[in-house]
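Everything quoted here is computed from the prediction, not taken from an experiment.
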2 protein chains.
Amino acid sequence: MTKNREMMNEKELTELAELFKVFGDSSRIKILYALFETEMGVGDIADTIDMTISAVSHQLRILKQNHLVKSRRDGKSIFYSLDDDHVYKILAMGKEHIEE
Amino acid sequence: MTKNREMMNEKELTELAELFKVFGDSSRIKILYALFETEMGVGDIADTIDMTISAVSHQLRILKQNHLVKSRRDGKSIFYSLDDDHVYKILAMGKEHIEE
DNA sequence: TAATTAGTTGAACAGATGTTCAAATGATGA
DNA sequence: TCATCATTTGAACATCTGTTCAACTAATTA
């Protein structure tokens with residue numbers, strides 16, 4: 001588990017920080033958490049977590065750029081879902097820490 | 001692994017975001033990474049990652065408040081070290097994600 | 001084609017964040 | 001006690017970030 005420590009260079013550390021920055025906002029965390037249940041359209045996400053559609057859309061763009069969610073269009077709607085099972089692992093790990 | 005999902009409430013999600021926010025800065029990530037090697041005084045950390053002592057001290061305060069590092073005084077120096085092995089797990093998980 | 005539904009986009013704004021600088025604190029040794 | 005070393009602290013500053021609002025695009029249906 002510790003064998004790759006020495007392979008982290010400055011660029012990689014910066015990338016790591018960028019990734020965690022994405023998780024470091026409660027709106028985005030709520031969106032990700034909502035998407036654990038099921039894929040959803042933007043309007044449904046907004047209703048679920050009580051944000052405007054525009055704000056959710058802006059945040060979804062960030063999540064998508066970072067490969068944490070993916071989308072598919074179906075008619076007028078665009079359904080978003082989690083892109084990667086690391087997402088859950090990372091959240092679970094953080095949760096473990098704060099619950100101590 | 002998924003059994004605790006439904007126990008995340010809004011407050012807990014906000015706490016989670018706060019935790020990730022702490023990881024979401026490259027200076028703090030570099031400090032944590034430096035401390036994987038060994039405990040260090042503030043000046044040595046500053047040298048290692050090329051920051052001013054003051055900037056490092058400010059960031060160490062944030063890391064300490066969030067229970068990611070702990071400190072002990074020995075004479076004039078204050079040695080910092082990682083407080084929790086979740087720190088490494090969380091970093092390792094993030095690293096796994098960006099390396100895909 | 002016009003109206004409607006669903007979502008995106010960009011500019012503007014307010015609030016948060018990280019660094020710097022200078023001053024202050026605490027421990028040690030002369 | 002005075003000087004020095006190691007670190008902390010607070011204010012000021014510039015930058016970054018998230019939300020809002022209005023305008024826009026895309027797909028569907030009347």
Side-chain angles (χ1 to χ4, degrees), chain A residues 10 13-35 38-83, chain B residues 10 13-35 38-83:
Chain A
E10 180 145 351
L13 290 172
T14 303
E15 267 184 85
L16 243 192
E18 292 305 312
L19 175 65
F20 285 122
K21 204 171 285 179
V22 179
F23 284 91
D25 174 78
S26 57
S27 297
R28 286 191 291 267
I29 288 275
K30 284 178 199 166
I31 291 172
L32 291 174
Y33 186 63
L35 293 177
T38 176
E39 69 170 6
M40 278 196 249
V42 181
D44 285 343
I45 298 174
D47 286 348
T48 302
I49 66 180
D50 196 32
M51 285 176 65
T52 66
I53 289 174
S54 176
V56 170
S57 180
H58 278 298
Q59 298 305 336
L60 283 169
R61 181 168 41 78
I62 294 170
L63 291 170
K64 199 174 177 184
Q65 280 166 353
N66 286 274
H67 310 294
L68 302 179
V69 303
K70 57 183 192 288
S71 64
R72 67 177 182 86
R73 185 180 269 280
D74 179 9
K76 279 180 279 192
S77 296
I78 298 178
F79 289 94
Y80 281 86
S81 56
L82 299 182
D83 191 10
Chain B
E10 180 145 351
L13 290 173
T14 302
E15 266 185 85
L16 242 193
E18 292 305 312
L19 175 65
F20 285 122
K21 204 171 286 181
V22 180
F23 285 92
D25 174 77
S26 57
S27 297
R28 287 191 291 267
I29 288 275
K30 285 178 199 166
I31 291 171
L32 292 174
Y33 186 64
L35 294 176
T38 177
E39 70 169 6
M40 278 195 248
V42 182
D44 285 342
I45 298 174
D47 286 347
T48 302
I49 66 180
D50 195 33
M51 283 176 66
T52 67
I53 290 175
S54 176
V56 170
S57 179
H58 278 297
Q59 297 306 334
L60 283 169
R61 182 168 40 78
I62 293 171
L63 291 169
K64 199 174 177 183
Q65 280 167 352
N66 286 275
H67 311 294
L68 301 180
V69 303
K70 58 184 191 290
S71 64
R72 68 179 181 84
R73 185 181 268 279
D74 179 8
K76 280 180 279 194
S77 296
I78 297 177
F79 289 93
Y80 281 86
S81 56
L82 299 183
D83 192 9

Peer 1: Expressed as a whole number of angstroms, how long is the span from A:Lys76:NZ to C:dA6:C1'?
Peer 2: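 It works out to 8 Å between those atoms.
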Peer 1: Expressed as a whole number of angstroms, how long is the span from A:Leu63:CG to C:dG7:P?
Peer 2: 16 Å
Peer 1: Output the single nucleotide from C:dG10, D:dT19, C:dA27 whose closest atom is nearest the side chain of A:Ser54.
Peer 2: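 Within the option list, the nearest is C:dG10.
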Peer 1: Indicate whether OP1 or OP2 belonging to D:dA6 is found under 4.0 Å from a side-chain N or O atom of B:Tyr80.
Peer 2: no
Peer 1: Does B:Lys70 use its side chain to pair, donor to acceptor, with the backbone of B:Lys64 at less than 3.5 Å?
Peer 2: no
Peer 1: Is there, by distance only and without an angle test, a donor paired with an acceptor across the side chain of B:Thr52 and the base of C:dC21 below 3.5 Å?
Peer 2: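 Absent.
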Peer 1: Roughly how many Å is it from CD1 in A:Ile31 to C1' in D:dT19, rounded to a whole number?
Peer 2: 12 Å
Peer 1: Between atom CD1 in A:Ile62 and atom C1' in D:dT17, what is the gap in whole Å?
Peer 2: 8 Å
Peer 1: Counting any heavy atom closer than 4.0 Å, what does B:Ser57 reach on the DNA or RNA strands: base, sugar-phosphate only, or nothing?
Peer 2: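 The answer is base, as B:Ser57 lies within the cut-off (heavy atoms under 4.0 Å) of a base atom.
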Peer 1: Mind checking A:Lys64 for me? I need base, sugar-phosphate or nothing, with any heavy atom below 4.0 Å counting as a touch.
Peer 2: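 No contact.
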Peer 1: Select one nucleotide: of C:dA27, C:dT8, C:dT17, the one nearest the side-chain heavy atoms of A:Ile53.
Peer 2: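 Output: C:dT8.
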Peer 1: Tell me what B:Phe79 touches on the nucleic acid: a base, only sugar-phosphate, or nothing, going by heavy atoms under 4.0 Å.
Peer 2: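 The residue B:Phe79 makes no contact with any strand.
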Peer 1: Check every atom of C:dT5, C:dT20, D:dT19 against the side chain of A:Gln59 and return the nucleotide holding the closest atom.
Peer 2: D:dT19
Peer 1: Rounded to whole Å, please give me the gap between CE in B:Met40 and C1' in D:dA6.
Peer 2: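 Going from B:Met40 (CE) to D:dA6 (C1'), I get 16 Å.
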Peer 1: Would you indicate which nucleotide in C:dG18, D:dT20, C:dT20 comes nearest to any side-chain atom of B:Ser27?
Peer 2: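 The listed nucleotide nearest to B:Ser27's side chain is C:dG18.
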Peer 1: So do the side chains of B:Asp25 and B:Ile62 get within less than 4.5 Å of each other, counting heavy atoms only?
Peer 2: no
Peer 1: Within this structure, what is the CZ-to-P distance between A:Phe23 and D:dT17, rounded to whole angstrom?
Peer 2: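 Atom CZ in A:Phe23 sits about 17 Å away from atom P in D:dT17.
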Peer 1: Hey, which sits more toward the 5' end of DNA chain D by its nearest nucleotide, A:Gly24 or A:Gly75?
Peer 2: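 Nearest nucleotide further toward 5': that of A:Gly24.
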Peer 1: Can a side chain N or O of B:Arg73 be found less than 4.0 Å away from OP1 or OP2 on D:dT7?
Peer 2: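 For B:Arg73, the contact criterion (side-chain N or O under 4.0 Å from OP1 or OP2 of D:dT7) is not met.
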Peer 1: Establish, with yes or no, whether the OP1 or OP2 oxygen of D:dT7 is under 4.0 angstrom from a side-chain nitrogen or oxygen of B:Arg61.
Peer 2: no
Peer 1: Closest approach to the side chain of A:His58, judged atom by atom: which nucleotide of D:dC21, C:dT19, D:dT9 is it?
Peer 2: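 Selected nucleotide (nearest to the side chain): D:dC21.
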Peer 1: Should A:Leu63 and A:Leu35 count as side-chain neighbours, where that means a heavy-atom distance under 4.5 Å?
Peer 2: no
Peer 1: Of the nucleotides C:dG18, D:dA27, D:dT8, which one has an atom closest to the side chain of B:Ile78?
Peer 2: D:dT8
Peer 1: Do B:Phe79 and B:Ser81 have side chains that approach each other closer than 4.5 Å (heavy atoms only, starting at C-beta)?
Peer 2: no
Peer 1: Measure up the B:Phe23 and A:Phe20 rings against each other and bin them: parallel (under 30°), tilted (30 to 60°), perpendicular (over 60°).
Peer 2: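 It falls in the tilted class, 30° to 60°.
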Peer 1: Side-chain contact, heavy-atom cut-off 4.5 Å: A:Asn66 with A:Asp83?
Peer 2: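 The answer is no; the side chains never approach within 4.5 Å.
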Peer 1: Roughly, in whole Å, what's the span from CZ in B:Phe20 to P in C:dA16?
Peer 2: 22 Å
Peer 1: Measure the distance from CE on B:Met51 to C1' on C:dT17 and round it to the nearest whole Å.
Peer 2: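 Distance check: B:Met51 CE to C:dT17 C1' gives 13 Å.
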